Amino acid sequence: MAGKTLYDKLWDAHLVAQREDGSALIYIDRHIIHEVTSPQAFEGLRLAGRQPWRTGAAVATIDHNVPTTPFKSAADITDETSRIQVQTLQDNTREFGITEFGIGDVRQGIVHVMAPEQGAVVPGMTVVCGDSHTSTNGALACLAHGIGTSEVEHVLATQTLVAKKMKNMQVKVEGDLGPGVTAKDVVLHIIGVIGTAGGTGHAIEFAGSAIRSLSLEGRMTVCNMAIEAGARAGMVAVDDVTVDYVKGRPMAPSGEQWAQAEAYWRTLVSDDDARFDTVVEIDAADISPQVSWGTSPEMVVAVNASLPDPQAENDEVKRSGMLRAYEYMGLKPGIKVGDIPVDRVFIGSCTNSRIEDLRAAADVAKGRKKADSVKQVLVVPGSGLVKKQAEQEGLDKIFIEAGFEWREPGCSMCLAMNPDRLQPGEHCASTSNRNFEGRQGNGGRTHLVSPAMAAAAAVAGHFVDVRELG
Amino acid sequence: MEKFVKHEGLVAPLDRANVDTDQIIPKQFLKSIKRTGFGPNLFDEWRYLDEGYPGQDNDARPKNPDFVLNQPVYQGATILLARRNFGCGSSREHAPWALMDFGFRAVIAPSFADIFYNNCFKNGLLPIVLSEEQMEELFQAEAANPGLRLTVDLEAQQVRTPEGKAYDFDIDEFRKHCLLNGLDEIGLTLQEADTIRAYEERRRAREPWVFAEHANH
Ligand code: SF4
């Protein structure tokens, strides 16, 4: 019998019941909750007179709607609907006895930043949240994926999920990453290669020496965008980096349990003879800093390249998508990436708002100034704790001196549900994960990049190869 | 959940690939804490010429006459024809809610994004996968005959044209069963509460830290 993949192991360990039709009931260890996708689930529980199965499994925070300017209570949120959602989460978590890191709590932040930071997610867990970027947590060798609101209700009520086993995919990045090439460039490059539907129906394990060379935070950046590659879940096997990251976190096991946990976690790797349904191999040496030019994350090129010619695309559906993207983005095939002007810059989101991301941006910003043509540079830490750490390291001062704005934690301009947004036609160098039409504000034009590339664009006023900044 | 057995209805074609959930229902409308009322803002950025925000009088807004759902022939459409990778993007269930609230009961496409596909079933919206060639045939049949009506027969797993041409589709048995009977999945799962408890005991013995209660959280 062939060995098991990491995903097989996680699946088997959580199987409660297998049904004849191929669907299964799997147990959910950690349920993370935010204000946008949970109100209707709590409402459903209440209507059916049900109670949460295990309140200790859930942890909640607010992120999508919170302003990134200081505020003290829900009443300070001027947008009425945002205020209602923030208030509703507070009411619901209190009513049902669920922990919430709410307003004013230093642990509050973007769900996918907060949970690993607290040790609420440890290897071997199943982790769900009503949010597609839950895949981020897979960096800790978890089976982690987004669910819909009905499923949020299902998990609250039963601690299980009706699921079907996905196929196994391995994306192997071998070799050394060049200087200036970051986790974000790796994942954008992967999506450029396999396309936004490349991973559909699969759980992706990211493997190979280039992935192992990444920090745990870098691995989170990669797993975060598994969903942009079409896969609900992305993951990385356990190694020393994983174990070291978890150790000492508030909700992680300690004492005697630690040794027991670590011994188990060390088994969370794909067996040598495990079989994957799909394998993609990528040479790390082929990866340059990336910039997305269109309205789908697969529309991405190397910073020193020119924009692709739609006429060279044989697939008709893809070609018409490219033509539409050019029109929306106000760009022309053949122009150089470096000729795209940048109006605003956003450094943040669950993809790139952890301390290492802020350090990378600060490294570039240090001693430099925002270009006059750039209207705004927002730096939004992923959580209150990231913010605190950055301030202890003096990163906030570097940003402020460079003319960047230093904000409170939240999703911010990643999806523009709060007041941070683009104006129609503006180009934004953004460290977020989605460049869909209107994502960062109606008519806004998003270019996905790494934190260092975003900071470099802020300084130059257009995209530049961060490797040439010196 | 609303039952789905057999449905006959007007078809509207949405000839774009990779329609994402931000386009199905833009994020400013996710702020509602209810499950209904999203229909008027379905495909908001394509349907209206101005920028939509919650609480607006949508009837008074300027409509984009070129957008398919604004054309007179498609008023009352209940079946959406779509292209590949429909529903990609976020996990928001507001997308199927908006499609349902608008009046759609089925979406037919060559492929769907996983989470969206899942979410449809939880809400009584039937996502049907046909091959690229079959979809092309349907798009062409519709273009040749706007106002085309189709029958979606879940029992028989078939989409049928008025001329009697039939397209078979696959669907998972359990999902079919739930849709046909309008079953509440949570109720079904809770019938297995003892199995879940037994599983928990096994896990607790093996990985006690997973079940730790954290006082200060
Ligand atoms: S930062 Fe962006 S992608 Fe991440 S959870 Fe928030 S809105 Fe979603």
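Here the structure is a predicted model, which is why all the values come from computation and not from measurement. Every chain is numbered from 1, with letters handed out A, B, ... down the list of sequences.
- Comparing A:I147, A:I84, A:T295 by heavy-atom pairs within less than 4.5 Å of chain B, the highest count is held by A:I147.
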#### Entry: Full working for salt bridge (Lys or Arg N to Asp or Glu O under 4.0 Å) between B:R202 and B:E207
CA-CA 9 Å; B:R202 293 198 300 277; B:E207 291 167 72; over 6 Å; no
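- At a 4.5 Å heavy-atom cutoff, the contact between B:E51 and chain A is made by backbone and side-chain atoms alike.
- Heavy atoms of A:V152 lying under 4.5 Å from chain B are absent altogether.
- Between chain A and the residues B:R16, B:R92, B:Q23, the largest count of heavy-atom pairs under 4.5 Å involves B:R16.
- Heavy atoms from other residues, nucleotides or ligands lying under 6.0 Å from NZ of A:K167 number 12 at most.
- Nearest approach of A:G294 to A:N435, heavy atoms of both residues: O-ND2, 3.0 Å.
- Contact annotation for A:W53: only side-chain heavy atoms (C-beta onward) come within less than 4.5 Å of a heavy atom of chain B.
- Contacts of B:D184 with chain A are made by side-chain atoms alone, with heavy-atom separations under 4.5 Å and no backbone atom involved.
- No other option in B:G89, B:A17, B:A198, B:G52 has as many heavy-atom pairs under 4.5 Å with chain A as B:G89.
- B:E45 touches chain A through its side chain: at least one heavy atom from C-beta onward sits under 4.5 Å away, while N, CA, C and O do not.
- Contacts of B:H94 with chain A are made by side-chain atoms alone, with heavy-atom separations under 4.5 Å and no backbone atom involved.
- No other option in A:R50, A:H133, A:H64 has as many heavy-atom pairs under 4.5 Å with chain B as A:R50.
- Contact annotation for A:T160: only side-chain heavy atoms (C-beta onward) come within less than 4.5 Å of a heavy atom of chain B.
- Here the side chains of B:M100 and B:R105 are in contact, with some heavy-atom distance below 4.5 Å.
- Residue contact with chain A, scored on non-hydrogen atoms closer than 4.5 Å, involves the backbone and the side chain of B:E173 alike.
- Separation of atoms CD (B:Q56) and CG (B:D50) is listed at 5.5 Å; rounding is to 0.5 Å.
- The most heavy-atom pairs under 4.5 Å with chain B, out of A:E228, A:R54, A:M166, A:E43, come from A:R54.
- For the pair B:L49 and B:K63, the minimum side-chain heavy-atom distance is 4.5 Å or more.
- Remark: the backbone N or O of A:S38 is not paired with any side-chain donor or acceptor of A:T149 at under 3.5 angstrom.
- Taking all atoms of both residues into account, the shortest heavy-atom contact from B:E93 to B:P96 is O-CD, 3.1 Å.
- Taking A:D105, A:D315, A:T134 one by one and counting their heavy-atom pairs under 4.5 Å with chain B, the maximum is reached by A:D315.
- Looking at A:R232, its side chain never comes within 3.5 Å of a backbone N or O of A:I227 through a donor-acceptor pair.
- For B:R206, the parts lying under 4.5 angstrom from a heavy atom of chain A are both the backbone and the side chain.
- When heavy atoms are compared at a cutoff of 4.5 Å, B:F211 approaches chain A by way of both its backbone and its side chain.
- Taking the side chain as every heavy atom from C-beta outward, A:E316 and A:R319 approach each other to under 4.5 Å.
- B:R203 and A:D29 are joined by a salt bridge, as a carboxylate oxygen and a charged side-chain nitrogen come within less than 4.0 angstrom of each other.
- Of the residues considered (A:S132, A:A120, A:P39, A:C129), A:S132 shows the highest number of contacts with chain B, using heavy-atom pairs under 4.5 Å.
- By number of non-hydrogen pairs under 4.5 angstrom with chain B, the leading residue of A:E80, A:E437, A:M125 is A:E437.
- Proximity to chain A is absent for every atom of B:A95, based on heavy atoms less than 4.5 angstrom apart.
- When each of B:I196, B:V210, B:N118 is scored by its heavy-atom pairs under 4.5 Å with chain A, the top score falls to B:I196.
- Contacts between A:L25 and chain B at a heavy-atom distance below 4.5 Å involve the side chain alone, from C-beta outward.
- Classification of the B:F4-B:H7 ring pair by plane angle, with boundaries at 30° and 60°, yields tilted.
- In this structure the side chain of A:Q85 never reaches within 4.5 angstrom of the side chain of A:I77, judged on heavy atoms.
- Counting heavy-atom pairs closer than 4.5 Å to chain A, the top residue among B:D172, B:D114, B:T195 is B:D114.
- For B:R35, the parts lying near chain A are the backbone and the side chain together; criterion is any non-hydrogen pair under 4.5 Å.
- A:A17 and B:E192 get closest at one heavy-atom pair: CB-OE1, 3.6 Å.
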